[in-house]
Amino acid sequence: DTAVSQTPKYLVTQMGNDKSIKCEQNLGHDTMYWYKQDSKKFLKIMFSYNNKELIINETVPNRFSPKSPDKAHLNLHINSLELGDSAVYFCASSLGTGNTIYFGEGSWLTVV
Amino acid sequence: GNSVTQMEGPVTLSEEAFLTINCTYTATGYPSLFWYVQYPGEGLQLLLKATKADDKGSNKGFEATYRKETTSFHLEKGSVQVSDSAVYFCALSDQNTGNQFYFGTGTSLTVIP
């Protein structure tokens, strides 16, 4: 009964490829997020959806495109992967905004 | 604007030592404050939180008090264990800025036996 689950956990891919990371939460939350964590552990918000509507869209290359088919899912698609995209991507959710955020276990992306 | 500043790491302590990780914040309103912990290879987990001034959050022997006068939310534990080795993140959410979360840069703690 994982609360926030994301797949795949590990992904190694070549530059120029397109890849997706899927996320699902079973907490009944209405707000979902994507965060990027770099090698120094710095955490940066990328996107946030509330009731399937995009509410936060930080300065992220437009190669990154989130998609929220319903309140329980938020997927991240990345086109034309670059070396600098190598990082850990965390999906997260919360009930409303400003309340405790629950994180998934992360997806380790390595671009070679 | 809003921001969170926490002490630089890494921090290395011996088992049973006293831990303090400093965190100060800047906010336009009256934020809620959080400490998250990230164990190796895992996602962030909520450790404790406080929603108003003078509140004390506590969990697993850790505690932090919301100090409005010093805009601080320092994390403390009286006696650390090896299993406390992790990265600790201070964070705030502020109603005045749409409840967006602001995370600090994280402080890595290593506890040696």
Side-chain angles (χ1 to χ4, degrees), chain A residues 2-10 21 23-25 27 29-51 53-59 74 76 87-110, chain B residues 1-11 21 23 25 27-52 55 57 59 64 85-110:
Chain A
T2 305
V4 182
S5 59
Q6 48 184 115
T7 55
K9 180 153 182 158
Y10 300 102
I21 306 172
C23 178
E24 175 182 5
Q25 54 92 5
L27 296 167
H29 290 167
D30 56 3
T31 305
M32 296 187 73
Y33 311 80
W34 278 109
Y35 282 86
K36 179 181 179 180
Q37 186 175 48
D38 64 21
S39 58
K40 295 184 178 177
K41 303 293 187 184
F42 181 71
L43 204 59
K44 179 186 172 186
I45 180 96
M46 299 174 70
F47 303 103
S48 175
Y49 274 73
N50 177 257
N51 285 314
E53 282 195 31
L54 183 65
I55 58 171
I56 294 176
N57 186 3
E58 292 294 309
T59 308
L74 180 61
L76 182 66
V88 185
Y89 292 84
F90 286 102
C91 179
S93 72
S94 64
L95 186 61
T97 55
N99 295 317
T100 302
I101 293 180
Y102 294 81
F103 285 82
E105 295 206 336
S107 294
W108 270 253
L109 172 66
T110 302
Chain B
N2 295 334
S3 66
V4 174
T5 303
Q6 55 182 110
M7 67 186 281
E8 297 266 335
V11 174
I21 300 178
C23 172
Y25 67 89
T28 54
Y30 300 96
S32 295
L33 301 173
F34 304 79
W35 276 102
Y36 279 81
V37 58
Q38 183 180 24
Y39 299 104
E42 298 183 13
L44 281 73
Q45 305 171 25
L46 177 69
L47 181 58
L48 53 85
K49 68 178 183 182
T51 57
K52 61 183 189 296
D55 269 3
N59 185 24
S85 298
V87 181
Y88 293 82
F89 291 89
C90 187
L92 72 82
S93 72
D94 183 357
Q95 268 190 328
N96 283 11
T97 51
N99 284 324
Q100 186 173 343
F101 257 71
Y102 296 83
F103 283 90
T105 51
T107 302
S108 174
L109 169 67
T110 301

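Throughout, a chain's letter reflects where its sequence line sits, starting with A, and its residues are numbered from 1.
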Tell me, do A:S94 and B:F101 make a side-chain contact under 4.5 Å, heavy atoms counted? no

Using a 4.5 Å cut-off on heavy atoms from C-beta on, say whether the side chain of B:Q100 contacts that of A:T97. no

Checking heavy atoms, do the side chain of B:Q45, its backbone, both or neither come under 4.5 Å from chain A? neither

Would a 4.5 Å heavy-atom cut-off, applied to side chains only, mark A:F47 and A:L54 as touching? yes

Would the distance check show the side chain of B:N2 and the main-chain N or O of B:T28 forming a donor-acceptor pair, the cut-off being under 3.5 Å? yes

Of the listed residues (A:I101, A:N99, A:V88), which shares the most heavy-atom pairs with chain B below a 4.5 Å separation? A:I101

Mind checking whether A:F90 and A:L43 have side chains closer than 4.5 Å, heavy atoms only? yes

Can you tell which part of A:Y33 gets under 4.5 Å to a heavy atom of chain B, answering side chain, backbone, both or neither? neither

Under 4.5 Å from any heavy atom of chain B - which part of A:Q37: side chain

Contacting moiety of A:K44, where chain B heavy atoms sit under 4.5 Å: neither

What part of B:L44 gets within 4.5 angstrom of chain A, counting heavy atoms only: side chain, backbone, both, or neither? both

